[in-house]
Amino acid sequence: MIYLDYNATTPVDINVLQEMLPYFSQSFGNAASAYSYGLDAKKAVDISREKIARHLHCNAQEIIFTSGATESINLALKGVFESYREKGNHIITVATEHKAVLDTCKNLESKGAEITLLSVDKNGIIDLEELKNSIKKTTILIAIMYANNETGVIQAIEKIGKISKENNVLFFCDATQAIGKAPMNVIEDNIDLLCLSGHKIYAPKGIGALYVRRKNPRVSLTEQINGGGHERGWRSGTLNVPSIVGLGKAFDLFNEEEIEKIKLLRNKLEEGLLQISGTFLNGDKEKRIFNTVNISFSDVHGKMLIADLTKQIAVSSGSACSSASVEPSHVLEAMGVPEELNRSSIRFSLGRLITEQEIDFTIDYVKSCVEKIRSIYL
Ligand SMILES: *Cc1c(COP(=O)(O)O)cnc(C)c1O
């Protein structure tokens, strides 16, 4: 079985695991305790916080540890909505965001929020004029992801940040798919809140972080979990020290060489697959993270294709979370991909452990699956 679904989750890197191990049974202290066990744990947490902050170009105090990107998104959106009610109730986001953002917005809508969903063009890119025109007096937040999990498409983050700042509106960026894949600078990009997740970057599942700007402007949030007042009072609960250590370690392991290797293999895979007749690339070819390729296959039944492919390769179709049915992807739908091609779209996402032989096999295997299905049903 060849793993080509790194955008869904990644294996914990062996170096990450090794860094974590002592914090389960030896240095097991509560980071809030004032004696050596606790101080050791706190020191390890602080080192992780520093590593993440350095990567984002922010201050360590601006990092809040959470259970993952979904929780960070809930804290950011609900926290801002509740905290800025006096200013307004209007939130701007995009039709192609992750469900964690869209469903949280839906929840806020039922509590009185007004949500504007920006459209995207056929390449998955938003129109900055549409963004500008949708801002009003009551707008409190712009929530736009850095890189899309299904297509890899990257938005013009720096320009969006600039528009947000000029209009005195907070900018939340879901950077879950961009961390370790694109340069991050919350200062240059005027990002006020940003989320990330451990299990997308070779750290464990169930750990993540939220960056919350402390000055120019100082962002205020209403906490969503009450308790002992951990994490500046915004996320109570005993810190998950081993996972936090692992998350920090993951940031040591990003490297240019690996990026170049994966990019070459992604390009090889993409070129190989697009040589199959009746194939279409989904998403902007240039403005895209280096590890992702999303392709639609004409004249094949989507459900049959994914069933065949997943006998040998781990890939995702659309955003389908329910295994029972192939739901058309809301991302491709927003890009105007016709329903048939939407249902027969496959996301290939590469990562650290992929090899050239596996890519060669994948190209041949996909080709044979598509040809077989077409020969039976056409
Ligand atoms: C995976 C993912 C999430 C959710 O992250 P979890 O840590 O699994 O909750 C949110 N946004 C994007 C873009 C993702 O890829």
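All values reported here derive from a predicted model rather than from experimental measurement.
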Indicate whether any N or O donor in one side chain lies under 3.5 Å from an N or O acceptor in the other, for [X] and [Y].
X: K205; Y: T9; answer: yes
X: S72; Y: T66; answer: yes
X: E130; Y: S119; answer: yes
X: N15; Y: D13; answer: yes
X: S220; Y: S83; answer: yes

Would you call [X] and [Y] a salt bridge, using N to O less than 4.0 angstrom?
X: E256; Y: K263; result: no
X: E371; Y: K367; result: yes
X: E114; Y: K136; result: yes
X: D360; Y: K268; result: yes
X: E82; Y: K111; result: no
X: E158; Y: K162; result: no
X: E327; Y: R343; result: no

Does K287 have more than 12 heavy atoms from other residues, nucleotides or ligands lying within 6.0 Å of its NZ?
no
Q224 atom CD, neighbour heavy-atom count above 12 within 6.0 Å:
yes
Under a 4.5 Å cut-off applied to non-hydrogen side-chain atoms, are [X] and [Y] in contact?
X: I142; Y: I160; result: yes
X: T222; Y: K78; result: no
X: L77; Y: C105; result: yes
X: L4; Y: T362; result: yes
X: N149; Y: R347; result: yes
X: H55; Y: F254; result: yes
X: I201; Y: T10; result: no
X: V212; Y: D192; result: no

If hydrophobic clusters are built by linking Ile, Leu, Val, Met, Phe, Trp and Tyr wherever their side-chain heavy atoms come under 4.5 Å apart, do F24 and V241 end up in the same one?
no
With hydrophobic residues grouped by side-chain heavy-atom distances under 4.5 Å, do I354 and I313 end up in a single group?
yes
If only atom types and distance count, is the side chain of [X] paired as donor or acceptor with the main-chain N or O of [Y] below 3.5 Å?
X: S368; Y: Y365; answer: yes
X: S344; Y: F297; answer: yes
X: T292; Y: R288; answer: no
X: E358; Y: T355; answer: yes
X: Q155; Y: A147; answer: no
X: S243; Y: N240; answer: no
X: D121; Y: N123; answer: yes
X: S296; Y: L341; answer: yes
X: R213; Y: I191; answer: yes
X: S48; Y: I244; answer: yes

Using the ring centroid of each side chain, check whether [X] and [Y] are separated by less than 6.0 Å.
X: F65; Y: H230; answer: no
X: F28; Y: Y37; answer: yes
X: Y3; Y: Y6; answer: yes

Can H90 and T139 be said to form a side chain to side chain donor-acceptor pair (under 3.5 Å), step by step?
CA-CA 4 Å; H90 182 225; T139 308; 2.7 Å; yes
In Å and rounded to the nearest 0.5 Å, what is the [atom1] to [atom2] distance from [X] to [Y]?
X: W234; Y: L210; atom1: CH2; atom2: CG; value: 8.5 Å
X: D46; Y: I63; atom1: CG; atom2: CD1; value: 12.5 Å
X: S164; Y: K132; atom1: OG; atom2: NZ; value: 11.5 Å
X: Y211; Y: C173; atom1: OH; atom2: SG; value: 11.0 Å
X: M335; Y: S329; atom1: CE; atom2: OG; value: 8.0 Å
X: N148; Y: D284; atom1: CG; atom2: CG; value: 12.0 Å

Should the pair R352 and Y202 be classed as cation-pi, given the thresholds of under 6.0 Å to the six-membered ring centre and 45° from the axis?
yes
What's the verdict on salt bridge (Lys or Arg N to Asp or Glu O under 4.0 Å) for E62 and R218, showing C-alpha distance, side-chain angles and the deciding distance?
CA-CA 10 Å; E62 296 176 309; R218 184 183 181 90; over 6 Å; no
Hey, mind stepping through Y84 and F81 against ring-ring contact (aromatic ring centres under 6.0 Å, His included) and telling me if it holds?
CA-CA 6 Å; Y84 290 79; F81 177 68; over 10 Å; no
